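Notes for the one structure printed next.
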Amino acid sequence: MKSLTFGSTSLAILLILACFVGCAKQQPLTLKDAFQDHFVVGTALGGNQINGDDPQAIALTIEQFNTITAENAMKFGPIHPEPETYRFDISDRFVEFGEEHNMFIAGHVLVWHSQTSRWIFKDENGDDVNRETLLARMQDHISTVVGRYKGRVHGWDVLNEALNEDGSLRQSKWLQIIGEDYMQKAFEFAHQADPKAELYYNDYNLFHEKKRQGTVRLVKQLLDNGVKVDGIGMQGHWGLDYPSLEQAEASIIAFAELGVKVMITELDINVLPDPAKWRGADISMNVEAQNAINPYKDGLPDSVQQQLTDRYAELFSLFLKHSDVISRVTFWGTHDGHSWKNNWPVRGRTNYPLLFDRAYKPKPAYFAVLDLVN
Ligand code: GLA
């Protein structure tokens, strides 16, 4: 009896030890679990995905991410194509999907110079409307869209890309017609429509010093005027060799010092060469140029895969270092097969910017990122 008791105890201890060693070796299973103590991790969903045409991407989204952004469905053009027409079918489905899976739902985007229906700026003669008319239309748009999802969309990109590269204000139609306070008004209208929603400024290349300073000026002025701004989204359309970690970090710190949340939005890492070099060559005819700008159509060489892996690892190390101020990291797409980077700045290339490949399989970069929290 005695030896049996001793035997069971030893066995139990052995089992616990074995599990301890085994469990310690296991990867956290998903991105959202791995980073749950640090920030939410998300993806952008395209209209075809929201509509169910890419079920594997949806399965991956449910498995890996706890926040979603609509890639296009909530932009002004798609959602409000004509003065009396709002199209909410895709955005409704998007919000329902996020709710069903308890996700943080990010709204993108209310006021932007691009993908915005031109009618909003014009009267019936095709001339620019006046300030009052445009403000009234802006308010109608914001209160209708934000109001529809009140309490359901948790944060809105109120203002996108209002700055030039040198940090000055972009001469958008919004600025030209309304004046500088169009930005403050946009935030105020959004706040009125859903007082509890978080409100963000979102832009690209915010790692450049001048644009960083411009962003700090802009957001500080809004805050000084008593406007509710909850966060700054740094679009992460980055490359293998830019921005430097120092540049990205300087912006994270500068924005956090304003007392707002910092988000890495629209993250994807371009691995393809800059086609600008071949501008002027007849790219459609010139095979050499074609191959040079689209070098990995048959697969990514191991050396570049490794660079991508290292790049993602160093970026996520930086995000972890500043996870006290970073609230969200959102990829601009779920898998390489669905990324705008395959078609920009030239169409029809094969790019590899995300953590999941065209077969929906995790890439080495995915495991490197998870390893950081192991
Ligand atoms: C900007 C916008 C995004 C998207 C990308 C490119 O970053 O904020 O919505 O359009 O350009 O697709």
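Just so you know, these numbers come straight off a predicted model, no measurement behind them. We're numbering straight along the sequence, starting at 1. Counting starts at 1 for both ligands and their atoms, following the listed order.
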Can you confirm whether the side chains of Gln307 and Asp241 place a donor and an acceptor under 3.5 Å from each other? no
Between Thr67 and Arg328, do the side chains contain an N or O donor and an N or O acceptor separated by less than 3.5 Å? no
Just list the side-chain donor-acceptor pairs under 3.5 Å for residues 94-101, sequence neighbours left out, or say none.
| unit_1 | atom_1 | unit_2 | atom_2 | d |
| --- | --- | --- | --- | --- |
| Glu99 | OE1 | Arg152 | NE | 3.4 |
| Glu99 | OE1 | Arg152 | NH2 | 2.8 |
| Glu99 | OE2 | Arg152 | NE | 2.8 |

Close residues, ligand 1: non-hydrogen atom nearer than 4.0 Å: Lys75, His108, Trp112, Gln115, Asn160, Glu161, Gln235, His237, Glu266, Trp332, Trp340
Gln221, CD: over 12 other non-hydrogen atoms inside 6.0 angstrom: no
Would Tyr204 and His237 count as a close aromatic pair, with their ring centres under 6.0 Å? no
Pair Lys32, Glu63 - check salt bridge (Lys or Arg N to Asp or Glu O under 4.0 Å), show working. CA-CA 8 Å; Lys32 65 180 175 189; Glu63 178 187 279; over 6 Å; no
